[in-house]
2 protein chains.
Amino acid sequence: MRLSKKERQKKLTQALEEDPFLTDEQMARLCQVSIQTIRLDRMELGIPELRERMKHMAEKNFDRVRSLSPKEIIGEVVDLQLDHSGISILEITEEHVFERNGIARGHYIFAQANSLAIGLVDSEIALTANAQIRFVRPVYLSEKCVAYAKVLDNENSSRTKIEVKIKVNNELVFHGIFDVYRALETRVAKEES
Amino acid sequence: MRLSKKERQKKLTQALEEDPFLTDEQMARLCQVSIQTIRLDRMELGIPELRERMKHMAEKNFDRVRSLSPKEIIGEVVDLQLDHSGISILEITEEHVFERNGIARGHYIFAQANSLAIGLVDSEIALTANAQIRFVRPVYLSEKCVAYAKVLDNENSSRTKIEVKIKVNNELVFHGIFDVYRALETRVAKEES
DNA sequence: TCTTAATTAGTACTTGGTACTAAAATGTGG
DNA sequence: CCACATTTTAGTACCAAGTACTAATTAAGA
């Protein structure tokens, strides 16, 4: 016996982390043990079979694609009154935070606010022109950000001023004023294809 | 026969688009035909079997996770002098733009600027506190954004003021002043687990 | 009606496993 | 060194979701 059971199992988890697409056979060869041993190991470690692992990853991917494909807006819009106000919710997950400290990267918070602001504007094209933003306090992993957007000023024909506040448990974490430019003509400047 | 071959195949592709995890059996039931017919259809349409599809999606997911995991910084940093200046490049791809008009979503531009600003700060924790930003002109698909960041003011012990300009072909498209808060202690506030 | 296209049936075989039983090999304590 | 426990192998039956192939049956077009 080369490695002890423990060492082997550690090796296995590591190997799988690096390449989750290993079959039992490959793992057996890797560890120089029989396939049955590997299966016992997987049992003990609670690691599902290759197919289940793939299925899992595929589903995760699918879910993500789904939720991202209407990602014109980041965060789930729960209320929207065009040209007036709107609310969206974004739960901070692993992908949003710095690994180091579990604090959400500012641009995700900004993205939630920005896309809600854009979504509020009832126009063919709506683009952020200016913004003044303040990150009041850090947002942590698994906190639920609720963004409230309100149109402040709609007088100017081509500009809309929108205020966005983001709160976690009713505590303000972000404040922004967005100046959104809007246009009707859909003139797309694309050279290629 | 209910549907013609063509109609059925169209139905199949649609169904799979909605739920790519359908087995041949489920599809057969869905279309009220035998499993063999479904298999012939898949052949003709060049649709691989469920397992292959899952594998594909899983791999895509894995790749994405890999390539996204060092996404602490959005855009490729080509030059960086801590606490002084830095340059990063971001090429606008499909995923960054509005489908409708091929214009980059503002928060990606912001993200490039923001993460470069954060990256400039030589500190355990660096968080954006405030920012004033201006989107000078829209950025289009496949344009290459070059972000230039410069520390303006480092006097204050806990705050750093950074100016970021983003240019496309030397034309200014974005301007921002970031107020970055920095701290040394790595105190992570996580309640759970 | 004849013939071609489409559909169904059925069998053998494949992957990457599970579930289970049983036999070896290896440790370990007394 | 023996006995018992732990660990590792071996081997079988079985499963899902297929492929690959042959052959029969049904529908449809001209």
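Lettering follows sequence order; numbering is per chain, from 1. Note that the coordinates shown come from a computational prediction; the quantities given were computed from them, not determined experimentally.
- Legend: residues meeting salt bridge (Lys or Arg N to Asp or Glu O under 4.0 Å) with B/Asp179, ordered by chain and number and at least two apart, are B/Arg159, B/Lys161.
- Atom CD1 in B/Ile35 sits about 9 Å away from atom P in D/dA17, given to the nearest Å.
- Across the protein-nucleic acid pair, A/Asp24 atom CG and C/dA19 atom P stand 13 Å apart, rounded to whole Å.
- Partners of A/Thr13 under the side-chain hydrogen bond (donor to acceptor under 3.5 Å, both in side chains) rule, at least two apart in sequence or in another chain, do not exist in this structure.
- For B/Ser34, counting side-chain heavy atoms from C-beta on, the closest listed nucleotide (D/dA10, C/dG17, C/dT8) is C/dT8.
- Atom CD in B/Gln26 sits about 14 Å away from atom C1' in D/dG18, given to the nearest Å.
- Going from atom CZ of A/Phe21 over to atom P of C/dG16 covers 13 Å, rounded to whole Å.
- Rounded to an integer number of Å, the gap from CG of A/Leu40 to P of C/dA22 is 16 Å.
- If you measure from atom CE of B/Met27 to atom C1' of D/dA17, you get 11 Å, rounded to the nearest angstrom.
- Taking the six-membered ring where the residue is Trp, B/Phe174 and B/Phe135 present perpendicular rings, their angle passing 60° and hence far from 30°.
- With C/dG17, D/dT8, C/dA19 as the choices, the nucleotide that has an atom nearest any side-chain atom of A/Met43 turns out to be C/dA19.
- For B/Arg137 and B/Glu143, the salt-bridge test passes: some basic side-chain N is under 4.0 Å from an acidic carboxylate O.
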Filtered N/O pairs between nucleotides 12-15 of chain C and protein, under 3.5 Å:
| unit_1 | atom_1 | unit_2 | atom_2 | d |
| --- | --- | --- | --- | --- |
| C/dT15 | O2 | A/Arg51 | NH2 | 2.4 |

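- Residues forming a salt bridge (Lys or Arg N to Asp or Glu O under 4.0 Å) with A/Lys11 (at least two apart in sequence, or on another chain): none.
- Checked against salt bridge (Lys or Arg N to Asp or Glu O under 4.0 Å), A/Arg8 has the following partners two or more places apart in sequence or in another chain: A/Asp41.
- Side-chain atoms of B/Arg42 lie closest to D/dT19 of the nucleotides D/dA17, C/dG17, D/dT19.
- For A/Arg39, no side-chain nitrogen or oxygen approaches OP1 or OP2 of C/dA19 to under 4.0 Å.
- When the side-chain nitrogen and oxygen atoms of B/Thr23 are compared with OP1 and OP2 of D/dA17, none of them lie within a distance under 4.0 Å.
- Distance CZ (A/Arg8) to C1' (D/dT6): 12 Å, rounded to an integer number of Å.
- Partners of A/Arg51 by salt bridge (Lys or Arg N to Asp or Glu O under 4.0 Å), not counting sequence neighbours: none found.
- With hydrogens and angles ignored, no donor-acceptor pair under 3.5 angstrom links the side chain of B/Glu52 to the base of D/dG18.
- Set against D/dT9, C/dG10, C/dG16, the side chain of B/Gln36 has C/dG10 as its closest nucleotide.
- Checking D/dG18, C/dT8, D/dT8 against the side-chain heavy atoms of A/Lys5 singles out D/dT8 as nearest.
- Here D/dA17 presents its C1' atom at 14 Å from CG of A/Leu50, a figure rounded to the nearest Å.
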